[in-house]
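Some notes on the structure that comes next.
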Amino acid sequence: MIPLRQAMETYDLITRNAEEVVTDEEVRELAADPDGKRAYVGYEPSGVLHLGHLLTANKLIDLQEAGMEVVILLADVHAYLNGKGTFEEIRETAEQMKAQFVAYGLDEDNTEFIYGSAFQLDEEYTLDLHELELSTTLNRSQRAMAEIQGGETAKVSHVVYPLMQTLDIEYLDLDLAVGGLDQRKVHMLAREELPELGYDVRPALHTPIVADLTSGEGKMSSSDGVTISMEDSTDDLEEKVNSAFCPPTRDPEGDLENPVLELFEFHVFPRFDEIVVERPDEYGGDLTYDDYESLAADLESGELHPADAKGTLATYLDELIAPGREKLRDIRN
RNA sequence: CCGCCCUUAGCUCAGACUGGUAGAGCAGUCGACUGUAGAUCGACUUGCCCCCCGUUCAAAUCGGGGAGGGCGGACCA
């Protein structure tokens with residue numbers, strides 16, 4: 001396989017499938033000399049990875065491919081502040097999460113896993129945090145958190161949370177912050193506040209939020225609706241994908257998205273060079289695609305039937321998830 | 001600390017005044033129709049009515065106590 005870095009311009013690799021790049025100039029500058037530059041995603045520890053996690057993981061893999069160092073923050077303190085349980089419980093799920101990321105394909109030697117509690121409780125960090133608390137309004141912090149916290153009424157911990165993310169970017173010595181689009185307001189807050197403390201502003205890169213599988217609207221959520229995760233068996237995947245909303249178009253009416261196409265675009269094509277749609281002769285025989293655009297175009301034209309697209313999607317997702325699924329099984333035995 | 005409002009199905013809420021063992025919409029599940037899903041029909045499911053004590057033949061409903069959540073309480077007066 002040709003290294004992606006040679007096959008694609010570094011900038012295109014770094015920004016592919018990104019919903020937003022802040023700012024483009026800053027990222028172009030990074031792309032000009034990516035070696036040794038540090039990028040991160042922070043995750044609240046979870047025992048089971050789902051497609052939302054994997055979307056940002058795909059981006060991290062791109063960045064590794066581009067020559068960057070990747071840091072995964074196992075955000076135990078953040079999870080604690082967001083009411084996710086005791087530190088003990090959070091730690092345990094963090095270890096499971098780490099194992100699944102490695103199984104998924106993040107190069108272990110090139111990926112730095114670090115617990116938030118390893119540095120977020122230091123005196124210097126804490127004093128910086130208090131300084132941020134002093135210069136940030138409640139309103140601003142709450143707005144930054146709105147997408148992240150549940151429907152619950154905001155606690156004091158919730159407004160501290162994004163301020164800590166701001167400091168993480170400095171204390172982890174990063175050059176790029178990565179996150180889903182739901183992290184946008186937090187990163188904007190960070191860009192605004194870091195200079196106030198005398199620190200440098202870093203660029204941010206946001207991945208899209210995949211639409212809900214069954215309705216095609218909003219975002220796929222782990223709390224409600226159908227989520228595809230490392231826990232799913234092959235049969236689960238087939239069933240979930242088959243029940244997905246999938247009109248034969250890339251651009252459904254209204255605000256709706258085609259989640260099946262989105263999964264091809266954001267999860268399958270970035271990890272496979274070639275996709276084979278196995279089709280019985282009565283429907284025209286097998287089809288082969290090496291990029292998302294041609295597959296989407298065929299769905300649009302009717303050449304590719306949604307049912308065949310779904311079967312194929314389930315097969316490839318299964319392949320992506322299989323290593324993590326095995327790892328989970330090991331952990332649990 | 002004090003005051004007011006809220007708590008009923010997964011969600012949003014009716015029902016409470018006038019006690020009689022719980023409803024709607026949405027969601028969900030299952031069929032029919034489509035070579036997928038959705039839409040559309042057809043059927044179905046769903047409950048410690050926040051907790052405890054009391055009154056009563058009988059309490060979601062009345063009385064008392066408690067919990068959780070929301071909002072308010074400077075001055076002008």
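Only this structure's heavy atoms are used, side chains among them; waters, hydrogens and symmetry mates stay out. Naming convention: chains lettered A, B, ... in sequence-line order (proteins, then strands); numbering from 1 in each chain.
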For the aromatic rings, using the six-membered ring if either is Trp, is the centroid distance between A:Tyr292 and A:Phe264 under 6.0 Å? no
Compute both the distance and the angle, then confirm whether A:Arg16 meets the cation-pi test with A:Phe266: under 6.0 Å from the six-membered ring centre, within 45 degrees of the axis. no
When the ring planes of A:Phe87 and A:Tyr80 are compared, do they come out parallel, tilted or perpendicular, using 30° and 60° as the limits? parallel
Is there a Watson-Crick or G-U wobble partner for B:rA43 with both distances under 3.5 Å, and if so, which one is it? B:rU29
With C1' as the reference atom in both, quote the distance from B:rC33 to B:rG25 in angstrom, rounded to an integer. 26 Å
Base partner of B:rA67, which must satisfy Watson-Crick or wobble distances under 3.5 Å: B:rU7
Nearest 0.5 Å, please: how far is CD in A:Glu257 from CD in A:Glu262? 5.0 Å
Taking all non-hydrogen atoms of both residues, which atom of A:Pro45 and which atom of A:Thr93 are closest, and how far apart? CB-OG1, 3.6 Å
Roughly how many Å apart are B:rA60 and B:rC48, using the P atom of each and rounding to a whole number? 14 Å
For B:rC1, the nucleotide meeting Watson-Crick or G-U wobble distances (both under 3.5 Å) is B:rG73
Taking the P atom in each of B:rU56 and B:rU61, what is the distance between them to the nearest angstrom? 16 Å
Between B:rG64 and B:rA59, how far apart are the C1' atoms? Round to whole Å, please. 14 Å
Once each nucleotide of nucleotides 36-41 of chain B is scored for protein heavy atoms under 4.0 Å, what B/S/- sequence comes out, 5' to 3'? BBS---
For B:rG54, the nucleotide meeting Watson-Crick or G-U wobble distances (both under 3.5 Å) is B:rC62
So which nucleotide does B:rG23 pair with, by the Watson-Crick or G-U wobble rule with both distances under 3.5 Å? B:rC13
Separation between OH (A:Tyr104) and CE (A:Met230), nearest 0.5 Å, reads 7.0 Å
Given the P atoms of B:rU40 and B:rC26, what is the spacing between them in whole Å? 10 Å
Whole-Å distance between B:rA27 C1' and A:Asp212 CG? 12 Å
Which whole number of Å gives the distance between the C1' atom of B:rG72 and that of B:rG28? 40 Å
Rounding to the closest angstrom, what is the interatomic distance between B:rG70 and B:rC76 at atom C1'? 28 Å
Roughly how many Å apart are B:rC53 and B:rG15, using the P atom of each and rounding to a whole number? 28 Å
Could you tell me whether A:His305 and A:Tyr283 have their ring centroids closer than 6.0 angstrom? no
My understanding is that a pair needs two contacts under 3.5 Å, Watson-Crick or G-U wobble. By that rule, which nucleotide pairs with B:rA37? none
